[in-house]
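Heads up, the thing below is written out as C-alpha cells.
Below, chain A is the first sequence line, B the second, and so on; all start at residue 1.
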Amino acid sequence: MASSQKLTEYERKRLENIRRNDEMMAALKIHSKATELSASSSAKRQRVVTKSYKVSPEKKPRTQSPIVIRRSLRTRGMPPEYSDFKALDDTVEATPMVAKTLTQSNPSPRGLGPLSCRDAYRGTGSDKLLMERILGVSKKPHEDFGFENGGDSIKGGLELGSLSLNPENIARVVPGRIMNVRFLPCSNSKMIVVGNKFGDVGFWDVDSSMDKDDGIYLYHPHSGPISGISIQQQCSSKIFTSCYFGFIRLMDAEKEVFDLVYSSNDSIYSLSQRPDDIKCLYFSEGRGGFNIWDERVGKCSTQWNLHEDRINSIDFNSENSNIIATSSSDGTACIWDLRSVNVDQPKPLKEVRHNRAVQSAYFSPSGSSLATTSMDDTVGIVTGVNFDNTSMIKHNNQTGRWISSFRAIWGWDDSYIFIGNMKRGVDVISPAQKRTIFTLESPHMSAIPCRFDAHPYNVGMLAGATSGGQVYMWTLG
DNA sequence: TATACGGTTACTATT
DNA sequence: AATAGTCCACCGTATA
C-alpha cells in the first residue's frame with residue numbers, strides 16, 4: 001500500500017545487501033532474532049498434495065521479507081550509493097568487524113566458517129536419516145549406465161506414452177518458487193534436490209517417502225535465490241549451491257555442514273562442474289563474467305568476460321570436457337574451448353544468435369547437439385560436425401514475472417527435448433522432426449512445471465519443479 | 001549510458 | 001469463491 005509496487009534499483013541493491021548480510025550472520029551463527037520473528041504463525045495446511053515440507057515453529061521460512069520494516073531507513077537520509085555492508089541497519093552496525101572481512105573480494109573461504117546443517121535445518125523431525133541416505137547411496141559403487149552406452153539412442157526408443165505421473169510422486173519440497181532441481185546422480189537412489197527463491201535447499205528422498213516418513217528435508221543455507229546446484233557423479237555427497245547474492249556453499253553430508261567456499265559482491269547466476277575434475281567450480285558472475293574457482297589454490301584461477309550480459313547457464317560437453325556452452329541475457333549462446341580462450345578478446349567456437357535473452361544452452365547426451373531456449377519464443381537446435389546447422393523451433397516461452405523461465409533439457413538420449421508450457425504441460429520436442437511431437441499432461445499437475453532434470457541413470461525418470469515449491473516426478477510405466 | 005516505469009505472467013494464503 | 005500479495009525477469013519506452 002504505502003510501499004511502491006516496484007523496487008527501484010537502489011532499493012534492490014539495498015535489499016540485496018541486507019540479505020547478503022543475513023547470510024553472513026547465519027555463517028557466524030549470530031543470526032538475529034529479529035529476522036526469525038518476521039511472519040505471524042501460520043499452520044501449514046495441506047492442499048492438493050499430501051506430501052509437503054514441514055517447518056519447525058522455531059525456524060520458520062521467511063515468506064515475508066523484512067523489507068517493509070527496514071525500508072524506512074531510507075527516509076532517515078541514507079545516500080543512494082551506499083557501500084556494501086556498512087551500517088545498513090542496526091544489526092550490521094553492531095558487527096562492523098564482520099562486515100569488513102566480507103568486503104574483500106577474495107576472502108579466505110574458512111574466514112567465515114561453516115554453517116552447520118543443524119543450524120540451517122528448518123524441518124521438524126531429525127535429518128539424520130537424510131544424511132545417512134546421502135552417504136549410503138553415494139558410497140555404493142555405481143552400476144554401469146542402465147541405458148545404452150554412448151547415449152545415442154535408447155534400445156527400442158523411449159515410449160513417451162508410457163511416461164506417467166503418479167500421485168505419490170508429487171511433493172511440496174520447499175515454499176515458494178523453485179529455481180533449480182537436480183537428481184542426486186546415483187543409480188540406486190531417487191533423491192531430488194531443489195533450490196528456491198528464498199535461499200532454501202530442499203531434499204526429497206522419494207523412496208523413503210513411501211514409508212512413514214515423507215522424506216522431505218528443508219534447509220536454509222542461503223539468503224537469496226539459489227542460482228545453481230551442482231553435484232558430481234563420483235562425489236555425490238558433496239552438494240554445491242550458488243546464490244544470487246554472491247555465495248557458493250558446499251553441503252558436505254559427511255561433515256554435516258554447508259561450508260562457504262566462495263563469496264563475492266557480484267551476483268552468481270549459474271554454477272557447473274567439469275565432469276572429470278572435482279577440484280574446480282565453474283560459475284558465472286556479474287555482467288558476463290565467467291570464473292573458475294580452484295580449490296587447490298583457494299582462489300579463482302580464471303576470470304573471463306565471455307558475454308555482454310549475465311550468463312544464465314554453463315554446460316559441459318560429455319564427449320570433450322574442454323568444450324562448454326554458455327547462454328546469456330545478451331541474446332547469444334556460445335560454445336567455447338576452455339584451452340583456447342583469449343583473455344582480452346574471447347572468441348567462441350560457435351555463436352548462436354537469438355532475438356532476446358537466452359536462458360539455457362545444453363549439450364545433448366551424446367554431445368553432438370545443443371539445445372538453446374530463449375525469450376524470443378524459440379528453442380534452438382544446433383547440430384552438425386562443427387555445430388553448423390541451426391534450426392529454430394517455435395515455443396511460447398513467455399512465463400511472465402512469477403514463473404521461472406523455461407529451459408529446454410535433453411532426455412536420456414538425443415531423440416527428445418523436454419520443456420514446460422504455460423498450460424501445465426511438458427512439451428516434448430523432437431530435434432529430428434523439428435517440432436513439438438507430444439505433451440505430457442496430468443490432472444495431478446496443478447501448477448506449471450518450469451524447471452526440470454532428467455535422472456542420469458533411470459530412463460524416463462523426469463523431475464519437474466514449479467513456482468509453488470512442488471516437484472512432479474514422472475516415471476516410466 | 002544509465003535509471004525508472006508500466007505491463008506482462010500464475011500461484012498461494014487469506015478473507 | 002474471490003481477492004490481495006507477490007516483487008530480485010524481461011521488454012519497450014520514456015526520461016536524466
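When the nucleotides B:dT8, B:dA10, C:dC10 are ranked by their closest atom to the side chain of A:R401, B:dT8 comes out on top. Comparing B:dT12, C:dC8, B:dA10 against the side chain of A:M422 picks out B:dA10 as the nearest. Checking B:dT12, C:dA9, C:dC8 against every side-chain atom of A:F245, the shortest atom distance belongs to C:dC8.
Taking the side-chain hydrogen bond (donor to acceptor under 3.5 Å, both in side chains) definition, one finds that A:N355 meets it with nothing, sequence neighbours left out. When the ring pair (Phe, Tyr, Trp, His ring centres under 6.0 Å) test is applied to A:F316, the partners found at least two apart in sequence or on another chain are A:Y282. Under the side-chain hydrogen bond (donor to acceptor under 3.5 Å, both in side chains) criterion, A:R356 pairs with no residue, sequence neighbours left out. A search for side-chain hydrogen bond (donor to acceptor under 3.5 Å, both in side chains) contacts involving A:T439 returns A:D427, not counting sequence neighbours.
OP1 or OP2 of C:dC7 has not a single side-chain nitrogen or oxygen of A:R177 nearer than 4.0 Å. Distances shown here put a side-chain N or O of A:R310 below 4.0 Å from the OP1 or OP2 atom of C:dA9.
A:Y472 has its OH atom 8 Å from the P atom of B:dC11, to the nearest Å. Look at OH on A:Y269: it is 7 Å from P on C:dA9, rounded to the nearest Å. Nucleotide B:dA10 holds its C1' atom 14 Å from the CD atom of A:Q398, rounded to whole Å. Whole-Å rounding puts the A:R451 CZ to B:dA10 P distance at 16 Å. Between the P atom of C:dC8 and the CD1 atom of A:I268 lies a distance of 19 Å, rounded to the nearest Å. At whole-Å resolution of the value, CG in A:N196 and P in C:dT6 are 17 Å apart. Distance, A:N312 CG to C:dA9 P: 9 Å, rounded to whole Å. Put simply, CG on A:N421 is 11 Å from P on B:dA10, counting in whole angstrom units.
Under 3.5 Å, the side chains of A:T373 and A:Q359 contain no donor-acceptor pair of N or O atoms. Between A:T326 and A:W336, the side chains place a donor N or O and an acceptor N or O closer than 3.5 Å (distance only, hydrogens not considered).
Here A:W402 does not count as stacked on B:dC11, because the ring centres are not under 5.5 angstrom apart with planes under 30°.
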Under 3.5 Å, N/O pairs linking protein and nucleotides 11-13 of chain C:
unit_1 : atom_1 : unit_2 : atom_2 : d
C:dC11 : OP1    : A:A357 : N      : 3.2
C:dG12 : OP1    : A:R356 : NH2    : 2.4

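Pairs engaging residues 436-456 of chain A under the salt bridge (charged side-chain N to carboxylate O under 4.0 Å, His left out) rule: A:R182-A:D453 [sequence neighbours left out].
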